[in-house]
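First the proteins, then the strands, lettered A, B, ... as listed; each starts at 1.
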Number of protein chains: 2
Amino acid sequence: MSKTTHREDHLKALYALGHSGDSESEWVSTNQMATHLGVKPPSVTAMVHVLTELGWAEHRPYHGARLTPAGEKLALALVRKHRLWETFLVERLGFEWDEVHDIAEQLEHVDSVALVERLDQYLGHPDVDPHGDPIPKADGTFRNMEGVMPLSELGEFECAVVMGVKANDQTLSAMRDRGLGLGSKLTKNDLVTLPQAWLPQLMVKTS
Amino acid sequence: MSKTTHREDHLKALYALGHSGDSESEWVSTNQMATHLGVKPPSVTAMVHVLTELGWAEHRPYHGARLTPAGEKLALALVRKHRLWETFLVERLGFEWDEVHDIAEQLEHVDSVALVERLDQYLGHPDVDPHGDPIPKADGTFRNMEGVMPLSELGEFECAVVMGVKANDQTLSAMRDRGLGLGSKLTKNDLVTLPQAWLPQLMVKTS
DNA sequence: GGTCAACTTTAGCCAAGACTAAAAAAAAGT
DNA sequence: ACTTTTTTTTAGTCTTGGCTAAAGTTGACC
Ligand SMILES: [Mn+2]
Ligand SMILES: [Mn+2]
Ligand SMILES: [Mn+2]
Ligand SMILES: [Mn+2]
């Protein structure tokens, strides 16, 4: 990878791991980063030092790292590109939702502001990507996602609609085989029928 | 750049420089490669050794390098990707023909066979890119381009049609300002009116 | 054929990012 | 509180692809 691509992957990892909860940006441990990126901890320490030097992250030794506001802005731009490309691949090229992540992982590093903005326009300024994840706008704002929660945390309900899904490609493929997709309607009965592992992965809204 | 991207750029350079004439693949000098790629000659020598080791090029020291059949196949796949992306950028995203080369230079390195084939289908299997250059098919065959020659080599003619153009972005932009594009009709008068430097760059066919 | 200029390769160095092994710090257990 | 385990950092090495400077080769020109 280019120097830039490398830094971008670490920024994205910091962003993804720091926002896994609903709370503010959390401190992310070196081990978490290493696991997420598929490298060894010393490599992460080195890159965190670089990001700190660039003003994109701050580092408390033996405690963790997190993005600065500047780093967060860059990370959001990457997430925006990733999700726009995924949308293009599914909406225009006819890929399935379990086939696009790895390709978007490469496309997100193409450097051209004009390209991102034209792509966004071409796709009609979509709000969410094929997995129901919100696409940040150019200014970094998000679509409001309130009322959406994991199926596992839903209490009493009559009917729920799938608004998104947090799963790897293999699980996404299996869900597709069962006819699950964005907009699918679920009933109480599905709580028992579906694989239990999927319940926290299916993001739903009552209807 | 990634290891792969680097090798690919050298393969493309060998291809481009080795096919500049109409003849078979020619030996390409180290200096030519270095100039083309914007690096110093020793760097080229090193990469040529790597490509030779991989069976993609052959090297006659102090004489030059050229692609093997295996290397040529890989180079053609890259040219295919580059030109398909350029076509997408112009036809679908509305870029001008002088804005797409640098972006395609990045997109061509995205690694996914399925992506290239779906893109080709999405674009309706185009024969030529926005600059009139033929797009190799998946099997490596080309559209026949006979009858096309530089305007400077055209003898007597009544009317010629622009079939392609060999120019950098700056020149392409200037041509666009003059209303020139693929399909533009030229008359004898243009031989005097147009900038003389453009005559060998405008590929035309008599009509 | 000898000389010289141009080109190419080799030799040796640097930067970036990976790794392993060892040291240091923090957390956990008793 | 003291020991032990886990996590993180540092130290040192490897790979890849840049570079400059020096040496080698080719070929052109007398
Ligand atoms: Mn990536
Ligand atoms: Mn997604
Ligand atoms: Mn390229
Ligand atoms: Mn082109």
Undergrad: Would you say A:Ser29 reaches D:dT8's phosphate, i.e. side-chain N/O to OP1/OP2 under 4.0 Å?
TA: yes
Undergrad: Please tabulate, for side-chain N and O atoms in residues 113-128 of chain B, each donor-acceptor pair with protein atoms closer than 3.5 Å (sequence neighbours left out).
TA:
from	atom 1	to	atom 2	distance (Å)
B:Glu117	OE1	B:Arg80	NH2	2.9
B:Glu117	OE2	B:Arg80	NH2	3.2
B:Arg118	NH1	A:Leu93	O	2.8
B:Arg118	NH1	A:Gly94	O	3.2
B:Asp120	OD2	B:Arg80	NH2	3.4
B:Asp120	OD2	B:His125	ND1	2.8
B:Tyr122	OH	A:Tyr122	OH	2.5

Undergrad: Going by distance alone, is a donor N or O of one side chain under 3.5 Å from an acceptor N or O of the other, for B:Asn31 and B:Ser29?
TA: no
Undergrad: Ignoring hydrogens and geometry beyond distance, is a side-chain donor-acceptor pair present between A:Thr171 and A:Asn168 at under 3.5 Å?
TA: yes
Undergrad: Please determine, for the side chain of B:His59, which listed nucleotide (C:dC19, D:dT9, C:dT9) has the closest atom?
TA: C:dT9
Undergrad: Return whichever of B:Thr30 or A:Arg7 has its heavy-atom-nearest nucleotide of DNA chain C closer to the 5' end.
TA: B:Thr30
Undergrad: With sequence neighbours left out, write down each residue that passes ring-ring contact (aromatic ring centres under 6.0 Å, His included) with A:Tyr15, or none if nothing qualifies.
TA: A:His19
Undergrad: Can you name the residues that form a ring-ring contact (aromatic ring centres under 6.0 Å, His included) with A:His131, not counting sequence neighbours?
TA: none
Undergrad: What side-chain donor-acceptor pairs closer than 3.5 Å can you find for residues 47-57 of chain B, not counting sequence neighbours?
TA:
from	atom 1	to	atom 2	distance (Å)
B:Thr52	OG1	B:Val48	O	2.8

Undergrad: Whole angstroms only, please: what is the CE-P distance between A:Met33 and D:dT9?
TA: 11 Å
Undergrad: Looking at the side chain of A:Lys3, which of C:dG17, D:dT16, C:dT9 is the nearest nucleotide?
TA: C:dG17
Undergrad: Could you state the CZ-C1' distance from A:Arg60 to C:dA26, rounded to the nearest angstrom?
TA: 12 Å
Undergrad: Output a table of nitrogen or oxygen pairs between the protein and nucleotides 22-24 of chain C separated by less than 3.5 Å.
TA:
none

Undergrad: Which whole-number value in Å describes the distance from A:His10 NE2 to C:dG17 P?
TA: 9 Å
Undergrad: Ring centres of A:Phe88 and A:Phe95 under 6.0 Å apart?
TA: no
Undergrad: Which residues, if any, of residues 40-57 of chain A bring a heavy atom under 4.0 Å of DNA chain D?
TA: A:Pro41, A:Pro42, A:Thr45, A:His49
Undergrad: Less than 4.0 angstrom between a side-chain N/O of B:Asn31 and OP1 or OP2 of C:dA6, yes or no?
TA: no
